[in-house]
Structure formats: structure tokens, C-alpha cells
Amino acid sequence: MSDVPARDREVVAGAIFRGGRLLLAQRTSPPALAGRWELPGGKVEEFETPQAALARELREELAVEVRCGARIGVDVQLSAGLVLRAYRAELVSGEPVALDHAQLAWVDAEELLSMDLVDNDRAWIPELLEELRAL
Ligand code: DCM
């Protein structure tokens with residue numbers, strides 16, 4: 001038995017801002033979440049950094065290269081041992097396309113408030129709004 005506590009596995013999500021707007025992606029699965037909007041991302045693999053995982057997920061899902069920036073918003077506990085965190089992501093190359101989502105949307109502050117976001121991501125609305133209103 002080790003005395004070192006197990007660290008939470010992490011799900012990372014990217015906040016991409018451009019021209020006063022934030023990129024949202026509409027989920028296709030699972031059925032309970034299909035049609036609802038999220039910051040795109042996914043699970044950090046074993047031996048992968050959150051930054052590398054975010055870059056990999058956004059490459060797979062949006063066909064873009066990003067540079068992972070600072071954390072934004074609170075930790076969201078998904079289940080025992082699984083935590084969801086948002087990071088700023090800066091577009092380095094490519095134009096986002098929905099490879100894994102139903103569609104994408106670039107929203108301003110007002111539109112963000114009207115989107116049907118997945119419950120977990122609603123925790124980040126204050127910081128996302130603050131950023132959009134400062135742009
Ligand atoms: N998830 C979330 N919000 C995000 C990204 C992911 O709530 N912006 C959740 C949905 C799943 C888990 O994280 O419970 C893993 O995500 P995925 O199904 O996209 O791999």
C-alpha cells in the first residue's frame with residue numbers, strides 16, 4: 001500500500017476566444033447530452049499532460065493546432081476520481097471544423113447566455129462572460 005493519494009483523472013476542455021467570441025461545440029452523444037453545447041475537449045490519457053491532452057483532443061475534434069494556456073474557472077468534479085477543468089486555448093493553425101460534434105458556434109456574451117450548455121460547463125459562465133465582455 002502506498003501513502004501517496006491517487007490523483008484525480010482529468011477531463012480537459014478548451015476555451016478558444018477570437019474576435020470577441022467564444023467557440024462552442026454541440027454534442028452528439030451520449031443521448032442525454034446530445035444537442036447540448038460544451039467547450040470541446042476530452043479525457044487526459046495516462047502519462048499525458050493536460051496541455052498535451054487538450055492539444056490532441058482539439059486536433060482530433062476540430063482539426064486545429066492550439067497552444068494550451070492558463071486555467072479558467074473552477075474545477076468541476078464529474079465523479080469520484082474524475083475532475084473537469086477548462087483551459088484557455090490559443091489557435092495556432094487551422095480553422096475549426098466539427099469532426100466529432102454536430103456543429104460549432106462562435107458566440108458573444110449575450111449568445112452564450114442563451115445556449116443550452118451542458119450542466120458541467122455552466123460552472124464557467126461567470127469567467128467566460130467576463131472574458132467576452134472585456135474583449
Ligand atoms: N464533459 C463535460 N464538459 C466538457 C467536456 C466533457 O461535461 N466540456 C464530460 C462529458 C463526459 C466526460 O466529460 O462525462 C468525458 O467527455 P467526452 O464524453 O467528451 O469524452
Side-chain angles (χ1 to χ4, degrees):
M1 285 285 282
S2 160
D3 290 325
V4 181
R7 254 198 252 157
D8 280 350
R9 283 290 297 277
E10 189 171 334
V11 177
V12 291
I16 302 176
F17 295 97
R18 186 171 71 185
R21 292 175 174 269
L22 168 70
L23 184 69
L24 293 181
Q26 189 179 36
R27 291 191 64 105
T28 59
S29 68
L33 296 181
R36 301 187 68 187
W37 295 82
E38 67 173 4
L39 298 187
K43 229 183 212 178
V44 179
E45 301 291 348
E46 214 177 342
F47 307 120
E48 188 179 41
T49 63
Q51 290 77 13
L54 186 68
R56 177 182 52 73
E57 289 286 348
L58 298 191
R59 190 180 302 126
E60 292 170 0
E61 296 184 357
L62 306 174
V64 292
E65 291 301 320
V66 301
R67 195 172 300 124
C68 182
R71 289 277 318 281
I72 185 165
V74 294
D75 286 11
V76 180
Q77 201 72 38
L78 294 180
S79 59
L82 193 63
V83 66
L84 171 67
R85 296 195 175 108
Y87 292 79
R88 291 165 192 277
E90 188 191 330
L91 273 179
V92 174
S93 65
E95 182 60 27
V97 288
L99 299 180
D100 203 43
H101 289 87
Q103 56 179 327
L104 306 179
W106 290 96
V107 298
D108 63 17
E110 198 180 328
E111 290 161 348
L112 176 63
L113 287 170
S114 73
M115 301 298 281
D116 185 18
L117 285 188
V118 299
D119 292 339
N120 293 324
D121 295 26
R122 304 195 77 84
W124 304 322
I125 287 179
E127 290 80 11
L128 295 172
L129 276 183
E130 192 179 352
E131 178 79 21
L132 286 170
R133 288 181 169 144
L135 289 172

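Note that ligands are numbered from 1 as they come in the structure, with each ligand's atoms numbered from 1 the same way. Quick note: numbers below take in every heavy atom, side chains included, and nothing from hydrogens, waters or symmetry partners.
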**Prompt:** Can you tell if the side chain of D121 reaches within under 4.5 Å of the side chain of L128, non-hydrogen atoms only?
**Reply:** no
**Request:** Taking atom CD of E130 as the centre, report whether more than 12 heavy atoms of other residues, nucleotides or ligands fall under 6.0 Å from it.
**Result:** no
**Request:** Taking atom types as modelled, find out whether Q77 and D8 have a side-chain donor-acceptor pair closer than 3.5 angstrom.
**Result:** yes
**Request:** Look at atom 11 (C) of ligand 1 and say whether a protein heavy atom is found at less than 4.0 angstrom from it.
**Result:** no
**Request:** Indicate, as side chain, backbone, both or neither, the part of R27 found under 4.0 angstrom from ligand 1 when only non-hydrogen atoms are considered.
**Result:** side chain
**Item:** Evaluation steps, side chain to side chain contact (heavy atoms under 4.5 Å, CB included), between E61 and H101
**Value:** CA-CA 7 Å; E61 296 184 357; H101 289 87; 3.2 Å; yes
Closest approach of any protein heavy atom to [atom], naming residue and atom:
| atom | answer |
| --- | --- |
| atom 20 (O) of ligand 1 | G42 CA, 4.3 Å |
| atom 5 (C) of ligand 1 | E38 OE1, 3.3 Å |
| atom 7 (O) of ligand 1 | N120 ND2, 2.7 Å |
| atom 14 (O) of ligand 1 | L78 CD1, 4.6 Å |
| atom 3 (N) of ligand 1 | D121 OD1, 2.7 Å |

**Prompt:** With a cut-off of 4.0 Å, which atoms of ligand 1 are near a heavy atom of A13?
**Reply:** 8 (N)
**Prompt:** Cationic tip of R18 within the cone over W106's six-membered ring, i.e. under 6.0 Å and within 45° of the normal?
**Reply:** yes
**Prompt:** Which option, L39, L84, D119, owns the non-hydrogen atom nearest atom 1 (N) of ligand 1?
**Reply:** L84
**Prompt:** Is there a path of hydrophobic side-chain contacts, each under 4.5 Å between heavy atoms of I, L, V, M, F, W or Y residues, that connects L84 with W37?
**Reply:** yes
Could you list the donor-acceptor pairs under 3.5 angstrom formed by side chains in residues 62-69, with sequence neighbours left out?
residue: E65; atom: OE1; partner: R59; partner atom: NE; Å: 3.4
residue: E65; atom: OE1; partner: R59; partner atom: NH2; Å: 3.3
residue: E65; atom: OE2; partner: R59; partner atom: NE; Å: 2.8
residue: R67; atom: NH1; partner: E90; partner atom: OE1; Å: 3.4
residue: R67; atom: NH1; partner: E90; partner atom: OE2; Å: 3.2

